Every structure is written in C-alpha cells, then in structure tokens.
A.B. asks: 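Questions regarding the structure given below will be posed in turn.
Since we're looking at a predicted model, the values are computed, not measured.
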Amino acid sequence: TDNQWPGTDDEKELPDCAWYNANSNNTTHPVATRKPNEWGFYDMCGNVEEWCWDNYASSAYRVDRGGSWGSKASSLHSAYRNNFLSDYRGDGLGFRVARSL
C-alpha cells in the first residue's frame, strides 16, 4: 500500500495498529492483538522486528524491518530498514514464518 505505516497514515491511529515504545510497556505482546493491515496481515510493524534474507549494504549485517516494541514511530515506517550482525539475539527481533498454499 501507499500508507506510511502498515494499516494507517495517521500517527494518532498507530497505537491501534502496532505495539511500539508509546504503548508497549517495554515488552512483546501476543500476535494479532492490534488491527491488521489492508491485506489482513498482523504485526507488520511494531512488536518484534523481522529478520530479512538480504544483507545490509553487502556486509556481515542482516536487514531487519518493521520496528519493535521499543521503537519510536519513525522506525515503524514501511520503508524503514535497520541492521544487526547476523549473530545478534534480542527479545525485540524475530522472523515471520511463511508458507505457500
């Protein structure tokens, strides 16, 4: 979509769509407890950042997207990319399991 964040363009509506530093109480939350995006996908921003397959700028760092429960609103933008070394572990970072039907 063309939305600034998955599910909304209005920052006032963001707490309805994502867990982030303004509403998370510094912890993860069960999946699907915020509104889904336009395609019915939950937690596309906030709650837990998602590892991506690609490397960041051809380096040892891996791309992650979506922001986490500790991120500010500007880090939840659909186009925002972050990076960590591939052996980094943290409670705000995970991955999305996907399966073809």
Side-chain angles (χ1 to χ4, degrees):
T1 70
D2 293 329
N3 288 341
Q4 194 167 12
W5 298 280
T8 187
D9 265 334
D10 186 349
E11 190 168 348
K12 292 176 189 167
E13 295 176 2
L14 190 55
D16 297 330
C17 300
W19 293 110
Y20 64 114
N21 69 351
N23 67 347
S24 70
N25 291 323
N26 296 319
T27 190
T28 56
H29 293 271
V31 173
T33 54
R34 303 283 92 186
K35 291 181 181 177
N37 69 6
E38 293 79 1
W39 295 300
F41 293 115
Y42 290 91
D43 299 319
M44 293 304 293
C45 69
N47 209 18
V48 175
E49 293 182 61
E50 297 178 1
W51 282 117
C52 296
W53 185 254
D54 52 332
N55 287 10
Y56 188 83
S58 300
S59 68
Y61 288 81
R62 300 296 291 216
V63 171
D64 61 276
R65 291 185 177 270
S68 74
W69 52 262
S71 298
K72 54 190 173 184
S74 62
S75 299
L76 304 181
H77 289 268
S78 298
Y80 181 81
R81 294 175 4 141
N82 196 10
N83 63 87
F84 291 106
L85 283 170
S86 58
D87 62 352
Y88 174 80
R89 302 294 180 264
D91 58 1
L93 184 64
F95 61 94
R96 181 176 296 265
V97 177
R99 184 187 132 197
S100 298
L101 297 177

A.B. asks: Which pair of heavy atoms, one from S24 and one from W69, lies closest together, and at what distance?
C.D. replies: OG-O, 2.8 Å
A.B. asks: Step through the shown structure and confirm whether more than 12 heavy atoms of other residues, nucleotides or ligands are within 6.0 Å of CZ on F95.
C.D. replies: no
A.B. asks: If you compare all heavy atoms of L14 against all heavy atoms of A73, which two are closest, and at what distance to 0.1 Å?
C.D. replies: CD2-CB, 3.7 Å
A.B. asks: Would you check, one step at a time, whether the test side chain to side chain contact (heavy atoms under 4.5 Å, CB included) holds for F84 with W51?
C.D. replies: CA-CA 9 Å; F84 291 106; W51 282 117; 3.6 Å; yes
A.B. asks: Looking at residues at least two apart in the chain, or sitting in another chain, which of them share a side-chain hydrogen bond (donor to acceptor under 3.5 Å, both in side chains) with D10?
C.D. replies: none
A.B. asks: Would you give the length of the straight line joining atom CG of N26 to atom CG of D91, rounded to the nearest 0.5 angstrom?
C.D. replies: 9.5 Å
A.B. asks: Keeping N23 on the side-chain end and D16 on the backbone end, is there a donor-acceptor pair under 3.5 Å?
C.D. replies: no
A.B. asks: Looking at every heavy atom in both D2 and D9, which two are closest together, and how far apart are they?
C.D. replies: O-OD1, 4.1 Å
A.B. asks: For S59, what residues pass the side-chain hydrogen bond (donor to acceptor under 3.5 Å, both in side chains) criterion, not counting sequence neighbours?
C.D. replies: none
A.B. asks: Between CG of N82 and CD of E50, what distance do you get to the nearest 0.5 Å?
C.D. replies: 13.0 Å
A.B. asks: Of T33, D43, N47, which meets side chain to side chain donor-acceptor pair (under 3.5 Å) against W19?
C.D. replies: T33
A.B. asks: Rounded to the nearest 0.5 Å, what's the gap from OG on S75 to OH on Y20? Could you check?
C.D. replies: 11.5 Å
A.B. asks: For a 4.5 angstrom cut-off between non-hydrogen side-chain atoms, does R65 reach R81?
C.D. replies: yes
A.B. asks: Within this structure, what is the SG-CD distance for the pair C17 and E11, rounded to the nearest 0.5 Å?
C.D. replies: 12.0 Å
A.B. asks: Run through K35, E13, E38 and flag the one making a side chain to side chain donor-acceptor pair (under 3.5 Å) with T8.
C.D. replies: E13
A.B. asks: Work out which heavy atom in L76 is nearest to a heavy atom in A18; give both atom names and the distance.
C.D. replies: CD1-CB, 4.2 Å
A.B. asks: Can you check whether Y42's main-chain N or O pairs, donor with acceptor, with R34's side chain at less than 3.5 Å?
C.D. replies: no
A.B. asks: Got more than 12 heavy atoms from elsewhere within 6.0 Å of OH, Y61?
C.D. replies: no
A.B. asks: Side chains of R62 and N55 only: does a donor on one sit below 3.5 Å from an acceptor on the other?
C.D. replies: yes
A.B. asks: Report yes if the side chains of W39 and M44 come closer than 4.5 Å at any heavy-atom pair, otherwise no.
C.D. replies: no
